[in-house]
Undergrad: 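This is the structure, below, for whatever I ask next.
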Amino acid sequence: MEINNSRKNKKKICIIGAGPAGLSAAYILTKNNFKVDVYETSNHAGGMARTIELWDQMVDMGPHRFFSSDPRVNNLWLEIVKKDYEMVKRTTRIFYKNKFFHYPIRPLNALMNLGFLESVHCAISYFLAKLKRKNYKSNTFEAWVIDRFGRRLFEIFFKSYSEKLWGLKCSELDSDFAAQRIKKLSLFEAIKTAILGNNFKHKTLVDEFAYPKYGTGMVYERMAAYVSENGNKILYNKKVLSIKNKNKKFSISVDNNNEIIYDTVISTMPITSLINHLNAPENVKNSAKNLKFRNTILVFIKLDNCDPFPDQWIYIHSQELLTGRITNFKNWVPNINKGKSDTILCLEYWCNNEDKIWNESNEYLISLAKKELLHTKLINLHQFISGEVVKIPKCYPIYKSNYKEHLKPIQNYLSKIYNLLVIGRYGSFKYNNQDHSILMGLLAADNLINNNNHNLWELNSDYEYQESSRITSTGLQK
Ligand SMILES: Cc1cc2nc3c(=O)[nH]c(=O)nc-3n(C[C@H](O)[C@H](O)[C@H](O)COP(=O)(O)OP(=O)(O)OC[C@H]3O[C@@H](n4cnc5c(N)ncnc54)[C@H](O)[C@@H]3O)c2cc1C
């Protein structure tokens, strides 16, 4: 993106949140001599994409694969990361009915695991779905997937995982989730990828990705360092508690201290909290009450001196297990493991605030994770050393089938507030990956720097850019 570097701007900008979206905006604005204060409720940069020290190693909050085909995002990522990254060959599988299926699918492995009769069942149901297709309304996740893969493959490869993730039946889930994440993927394309390998890639199936040498959070720590070393402030342990807009300015209150005046606010805080802080009209507040987020519990497990499996992560589709995904940090890049013989795994449990598991003790959660790991036979009892729990609230915006009806009045209300830009994963209620949040930050900054008018609400994670690029071991490839 062309950025006008000559312009000095006197406007004061407040950014709420030092995650990928907020820091990308702060970085670009700082580069362009804008006055920016970033408020962050926690004591670290990176938000959900942070990296932490654990047992003298480094771990992310679950698997954090970065991938983008947008040159604007890739260029920014490379500008920050420089040469401090390695290419990771993706190895991921699905655990279902005590068997491991390669993902992306390898036809022979799938055939062997499913068996001949189940494979025929899948094929028949696929062709039946193709015959029915004309009459199908694919506005739910279930209909969308059945439309493309057939009912049986939906039941095996999509249903249980998605229901664990969202806590909803697939028939209650909006097709936006599928459209944004597995858009254009069909059985034919998945098989084509399996056969042609590197010559054909759907975004969901990318087999190699660039990963920072010191963990995903390295990107955001460097952005934060640049911002504070170049005249702007990142204020940690500062939660924004209210935002009042008066005469085209904003008065922000943080931790009940005095109010501070800003010309512009870029918010990445949960959209539902923002609505409450803004004192919005009743109908907008009611709409916000209908938008829900799902939480994640991460249970980190330290194992003694072993390499339990070669995958970076494994999707757990088996219904008898509550965990949905297991990450093995030993299989990312050597630096994060710091040459230790111990292995750190991370099991993810998704839940709502009111679910019993969300309030369980750490001891309970660690013993649950241990029991589930033993069930998979990936580890044995003697390898277990200890466990640690991290709870992340509000990390998945739930695309319940009517969520857009509730989001629309909120978008209309927020769009009318002069110089309030709303971006980020929970900030804008979009199922963003890092790349989408980085792009939102970049475009929000561009709107302010160059008086551009990118419609940030229209930026879904299925957006396509006219140019395409990818990061390789030697830099950006167009
Ligand atoms: C388990 C898991 C796995 C993931 N895997 C991947 C992956 O493989 N690849 C990928 O690209 N992405 C992945 N993601 C998503 C990625 O983490 C997010 O897309 C990204 O972090 C979103 O950035 P953000 O800036 O929009 O939001 P966040 O990272 O949530 O940052 C928002 C920040 O705002 C702060 N904040 C909130 N309210 C306030 C307030 N009132 N005042 C001040 N500060 C506030 C928060 O503390 C937070 O730091 C994963 C996420 C999870 C949870």
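The structure displayed is predicted, hence computed values, not measured ones. One-based numbering, in listed order, for ligands and for the atoms of each. Below, each value reflects all heavy atoms present in this structure, side chains not excepted, and no hydrogens, waters or symmetry copies.
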Undergrad: Give, for atom OG1 of T91 and atom CD of Q312, the distance between the pair rounded to the nearest 0.5 Å.
TA: 5.0 Å
Undergrad: One thing to verify: whether E221 and R50 come together as a salt bridge, which I'm taking to mean a side-chain N less than 4.0 angstrom from a carboxylate O.
TA: no
Undergrad: With side chains defined as the heavy atoms from C-beta onward, is the minimum distance between Y315 and Y103 less than 4.5 Å?
TA: yes
Undergrad: Could you tell me whether R325 approaches ligand 1 through its side chain, its backbone, both or neither, with non-hydrogen atoms closer than 4.0 Å?
TA: side chain
Undergrad: Looking at T296 and W350, would you say the former's side chain and the latter's main chain have a donor-acceptor pair under 3.5 Å?
TA: no
Undergrad: List every atom of ligand 1 that sits less than 4.0 Å from any heavy atom of G47, numbering the atoms from 1 in the order shown and giving each element.
TA: 29 (O), 31 (O), 48 (C), 49 (O)
Undergrad: What atoms in ligand 1 come closer than 4.0 Å to a heavy atom of E348?
TA: 1 (C)
Undergrad: Are any of the N/O atoms on N432, whether in the backbone or the side chain, positioned under 3.5 angstrom from an N/O atom of ligand 1?
TA: yes
Undergrad: Yes or no on side chain to side chain contact (heavy atoms under 4.5 Å, CB included) for M58 and E53, after CA distance, side-chain angles and deciding distance?
TA: CA-CA 5 Å; M58 287 154 113; E53 284 264 339; 4.1 Å; yes
Undergrad: List every atom of ligand 1 that sits less than 4.0 Å from any heavy atom of A21, numbering the atoms from 1 in the order shown and giving each element.
TA: 24 (P), 25 (O), 26 (O)
Undergrad: Any N or O of R65 that comes nearer than 3.5 Å to an N or O of ligand 1?
TA: yes
Undergrad: Which option out of M48, M61, H436 puts a heavy atom nearest to atom 2 (C) of ligand 1?
TA: M61
Undergrad: Is there at least one pair of N or O atoms, one from T296 and one from ligand 1, spaced under 3.5 Å apart?
TA: no
Undergrad: Side chains of K233 and V36, heavy atoms from C-beta outward: is any pair under 4.5 Å?
TA: no
Undergrad: Hey, is F67 one of the residues with a heavy atom under 4.0 angstrom from ligand 1?
TA: no
Undergrad: If you measure from each heavy atom of H44 to ligand 1, is any distance below 4.0 Å?
TA: no
Undergrad: So, 4.0 Å and heavy atoms of P63: is ligand 1 close enough to count as a contact?
TA: yes
Undergrad: Can you label the angle between the Y431 ring and the W166 ring as parallel, tilted or perpendicular, going by 30° and 60°?
TA: perpendicular
Undergrad: Report yes if the side chains of Y85 and Y211 come closer than 4.5 Å at any heavy-atom pair, otherwise no.
TA: no
Undergrad: Taking 4.0 angstrom as the limit, do D263 and K249 come out as a salt bridge?
TA: yes
Undergrad: Specify side chain, backbone, both or neither for S273, according to which of its non-hydrogen atoms lie closer than 4.0 Å to ligand 1.
TA: neither
Undergrad: Is there a heavy atom in F66 that sits closer than 4.0 Å to ligand 1?
TA: no
Undergrad: Do the side chains of I271 and L407 get nearer than 4.5 Å, heavy atoms only?
TA: yes
Undergrad: Using distance alone, decide if ligand 1 has a nitrogen or oxygen within less than 3.5 Å of any nitrogen or oxygen in T41.
TA: yes
Undergrad: Below 4.5 Å, heavy atoms only, C-beta onward: do I15 and D37 meet side chain to side chain?
TA: no
Undergrad: Out of Y39, Y426, Y396, F209, whose heavy atom is nearest to atom 37 (C) of ligand 1?
TA: Y426
Undergrad: When you compare ligand 1 with L298, is there at least one nitrogen or oxygen pair between them that comes in under 3.5 angstrom?
TA: no
Undergrad: What atoms of ligand 1 come within less than 4.0 Å of a heavy atom belonging to G17?
TA: 33 (C), 34 (O), 35 (C), 44 (N)
Undergrad: Below 4.0 angstrom, N of the basic side chain to O of the carboxylate: do K340 and D56 qualify?
TA: yes
Undergrad: Looking only at distances, please establish whether an N/O atom of ligand 1 is found under 3.5 Å from an N/O atom of P20.
TA: yes
Undergrad: Got a second to check how far W55's CH2 is from S386's OG, nearest 0.5 Å?
TA: 4.5 Å
Undergrad: Can you find an N/O atom of K239 closer than 3.5 Å to an N/O atom of ligand 1?
TA: no
Undergrad: Backbone or side chain, does any N or O of H64 fall under 3.5 Å from an N or O of ligand 1?
TA: yes
Undergrad: Under 4.0 Å from a heavy atom of G424: give me the atoms of ligand 1 that qualify, with their elements.
TA: 26 (O)
Undergrad: Taking only heavy atoms of N433, which atoms of ligand 1 are found under 4.0 Å from at least one of them?
TA: 6 (C), 7 (C), 9 (N), 10 (C), 11 (O), 12 (N), 13 (C), 14 (N), 19 (O)
Undergrad: Could you tell me the separation between the CD1 atom of I423 and the CG atom of L443, rounded to the nearest 0.5 Å?
TA: 9.0 Å
Undergrad: Do any N/O atoms on G62 end up under 3.5 angstrom from N/O atoms on ligand 1?
TA: no
